[in-house]
Every structure is written in C-alpha cells, then in structure tokens.
Chemist: 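Handing you a structure now.
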Amino acid sequence: MKAIDNQGELWEVFIQSKPGQSFKHAGSVHGFDKDNAIENARDTYTRRNEGTGLWVVQSKEIIAVALNESDYFFEPATDKIYRHPTFYNLPEGVTHM
Amino acid sequence: MTTKLESAQTAELLADFEKKINAEIKIEPSDWMPDAYRQHLIRQISQHAHSEVIGMQPEANWITRAPSLRSKKILLAKIQDEGGHGLYLYSAAETLGVSREQYIAWLHQGKAKYASVFNYPTLNWADIGAIGWLVDGAAIVNQVSLQRTSYGPYSRAMVRICKEESFHQRQGYEIMWRMMQGTNDQQRMAQDAIDRWWWPALMMFGPHDSDSPRTSHAMLWKIKRESNDVLREKFINKTVPQSELIGLKVPDPNLKKISDETYTHGDINWEEFRQVINGNGPCNQERLEHHIRAHREGAWVREAALQSDFRNQ
Ligand SMILES: [Fe+2]
Ligand SMILES: [Fe+2]
C-alpha cells in the first residue's frame, strides 16, 4: 500500500430540501469526477429524501472571505440603517404598509 | 525580541479564542486555535470516525443470517448509515489539516484508536438487538451532548448523525422485545446478549472523571460538554427502565435505584477496558486486519477512478 493513497478531490455539497427553496450547505465528500462526486453526495447526504435538488462544487473553487477580515469586509452594511423598514416614522393608523 | 512579540501576539489570539468559546461562538477551520485544541480534536474526531466504520463489522456478521427479509433490509440500512457517519466525521476531521489518507494510515499502524466495544464478537442474532439498543443507545447519549461542541464542523456532523441515529436504537430494542415474547430459548439468548454487552456499553463513556486526565481541558474549551460519568449516568437512568419493561435483567448485582429516575451502579472492570483498548480484546486483530484488507482490495478502484479523473469536465 502506498503511503499516499489518492482518495479523490474534495467537493462541497449543497442540498435543496424543497423545490423553490435555496440550496443549503450540507458538508463535503470525496469524488474523482463530477458524476462520482454527485453520486457520493447523494449516497452520503440524502438517504432519507432530504433533497429535491443537489449541487456539488469543488472545494478549491469556493471563494470565501477570510474570517479575520470579515468585520472590515462587511463594514459598508453596518451604517445604513435606513435600509431597514423599521427606520421610518409613520403616522398613527396607517395600514397595508 | 521577535519571540517576545510572537508570544504577545499568541496571548492576544488565545484571549480572542477563549472569548469566542465563552460566548458559545463556534470555532471554524480557518480561525486561529491553540495547538492543544487542534490536537485534541484530531484525536477525538478521527477516533470517532474510525469507530463508526469499524463498528460496521460486528453487525455485518449477521446480514446474511438475518431471520427475515424485513430485518435484513433494516440491518443493511443501519450499517449503511454507520458508513455515512464515518464519512461525515472524516470530512470534519480533514478540516483540521490532516488528510483522510493520513488518518487511515494511523489507524492501520495502530496509532489511532476506536471504541473498544467493537472488539467484542457478535455470537447470535440477539447481539444485533443488544448493539442497536445498548451500543447505539450509549453513542446517542454522547452524540446528543456533542451537538454543542465548540468546533463548528464537528458540531454540524453531530447534528446530522443524531437525526439518523433515532431508528438505530429502536430497531435494536424491537429485536430484544420480540425475542422476549418468543420461546424460552429466545428469551435466554436475549438475556445472554445483555449480560455480555451491558458492561462494554458502560465502558464506552470512558474512564471515571477522577481518572480522565484529558477531560478537564476538553471541557474548558467546550470540546466536550458533559463529563464521562455524567453521560454514563444519563444512559443508565434511561436504559434500566427499558430493560425492566421487556423483562430483561441488567447484569449488575449492585445496581440500586436511589430515586425516581436515578440509579447507582456497581464497579466497572477497568482492567478489562485497558486490556481491550490496548489491543487484547477478543476481536481486535480481526477488526483491524479486515479493515486493512478491505482497504487494500479497494485500491484498484481508486486507481482506476483516478485514471478517468475529470473525464467529463
Ligand atoms: Fe453512528
Ligand atoms: Fe448508529
């Protein structure tokens, strides 16, 4: 047996639990190609009808914000409270708004 | 000069890490973590993954001899789940920077351990009942608690696993219940199975808190949320009434009911635990050899798959 025994690439698995809903990250699997990865994802993460949709994406293709940069990265959103409906004053008695 | 600066930085990182732990914020793979935290997780998660996979062997022993098509299908589905649990956990363990090949190599070299309970043989069909009910039952108590572990990938794997475990214990208990409604011989087999599996199931929770050097650190950093003894007592309190309900006797002459739902138990044979965990149980060699053989015999599949790498990209 070789010391390094190749087990395939790492893929991230996303499941859509019902049609129309967003895909949610479920975990990861090893797979040698697209077909193999999506079949492994099915067998590993959807043995109980967890999904109506399934995505796999190679882990190395995912771009993520580094966690130590996340405060700085999302900072532009923090001072724009006027984007939230609760920011506004409304006259007493107004409905359907 | 540099070392002084470095240690100041480390102290700051450590304070930040501990602040997160105290605030119940999960630690994620790219976060800074103390080396001891990482090493503890590498050991604990991989040991957990190996246990799921090695645990398939004693049950697989009875697939071809399951007493009905119904029970055979249930057992197959249950064992397939355990393989899946192993995969979830290897994925979580890999986020710590160690490859799956490496984890498996450590298992094969005897450097990594797995739950000692799987080194006992399954002698008859009642053992399949006893494993589902007692061994999965004990694992569930531990895993429910670990859903709140501080390491994100481990916690998420535990949530998924706990969802799947709920049928494992029931199918085992159902087997025991049906045997207790059967012939005298079947009842005797069921009692014999609990007699042999009760103590190994209690040992699954590990040494007493007073003898468990790693527990305090693991509790401080919230890798573990409840101590070995607390979890063991939870299991006993849940399981004793279940056994009484179907007419099985827990093989502990010193078991005492101390209040409505709490029991004290007799002494655990820790010498046996040490023997089995250190390789001298009835099936240690067989379990490891089987895993090595299956891994070796599957090598050509991985090689062939690699040749067709990304054929459809
Ligand atoms: Fe499991
Ligand atoms: Fe299980």
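Here is how names work: the chains are called A, B, and so on, in the same order as the sequence lines, proteins then strands, and each is numbered from 1. Remember, predicted model here, so these are calculated numbers, not experimental data.
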Chemist: With a 6.0 Å cut-off (strictly less than), is the heavy-atom count around CZ of B/Arg225, excluding the residue itself, greater than 12?
Modeler: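 More than 12 within 6.0 Å, yes.
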Chemist: For B/Arg302 and A/Asn6, which heavy atoms make the closest approach, and how far apart are they?
Modeler: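 Shortest heavy-atom contact: CD-O, 3.5 Å.
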Chemist: Given 3.5 Å as the limit, does a donor-acceptor pair link the side chain of B/Ser91 with the main chain of A/Ser28, or not?
Modeler: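 Confirmed, B/Ser91 side chain pairs with A/Ser28 backbone.
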Chemist: Might you confirm whether atom CZ of A/Phe73 has over 12 heavy atoms from other residues, nucleotides or ligands at distances under 6.0 Å?
Modeler: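 Open: at most 12 neighbouring heavy atoms sit under 6.0 Å from CZ of A/Phe73.
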Chemist: Please round to the nearest 0.5 Å and tell me the distance separating atom CG of B/Asp81 and atom CZ of A/Arg48.
Modeler: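 Spacing of CG (B/Asp81) from CZ (A/Arg48) equals 4.0 Å.
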Chemist: Which heavy atom of B/Tyr88 sits nearest a heavy atom of A/Arg47, and at what distance?
Modeler: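 That would be OH-NH2, 4.1 Å.
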Chemist: Would one find more than 12 heavy atoms of other residues, nucleotides or ligands at under 6.0 Å from atom CD of B/Glu12?
Modeler: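 Result for CD/B/Glu12: open.
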Chemist: So what's closer than 4.5 Å to chain B heavy atoms on A/Ala26: side chain, backbone, both or neither?
Modeler: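 Contact with chain B is through both the backbone and side chain of A/Ala26.
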Chemist: Distance check, rounded to the nearest 0.5 Å: A/Thr44 atom OG1 versus B/Arg160 atom CZ?
Modeler: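 Between A/Thr44 OG1 and B/Arg160 CZ, I get 10.0 Å after rounding to 0.5 Å.
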Chemist: Does a sphere of radius 6.0 Å around NZ in B/Lys163 hold more than 12 heavy atoms from other residues, nucleotides or ligands, not counting ones at 6.0 Å or beyond?
Modeler: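 Result for NZ/B/Lys163: open.
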Chemist: Is B/Glu94 in contact with chain A via its backbone, its side chain, both, or neither, using a 4.5 Å heavy-atom distance?
Modeler: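 The answer is the side chain of B/Glu94.
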Chemist: Atom OH of residue position A/Tyr88 - does it have more than 12 heavy atoms of other residues, nucleotides or ligands inside 6.0 Å?
Modeler: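 Count over threshold, so yes.
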Chemist: Any chance you could measure A/Gln7, atom CD, to B/Ile104, atom CD1, to the nearest 0.5 Å?
Modeler: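 If we round to the nearest 0.5 Å, A/Gln7:CD and B/Ile104:CD1 are 4.5 Å apart.
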Chemist: Considering residues, nucleotides and ligands other than B/Glu28, do more than 12 of their heavy atoms fall under 6.0 Å from its CD?
Modeler: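 Yes, because the 6.0 Å sphere around CD of B/Glu28 holds more than 12 heavy atoms from other groups.
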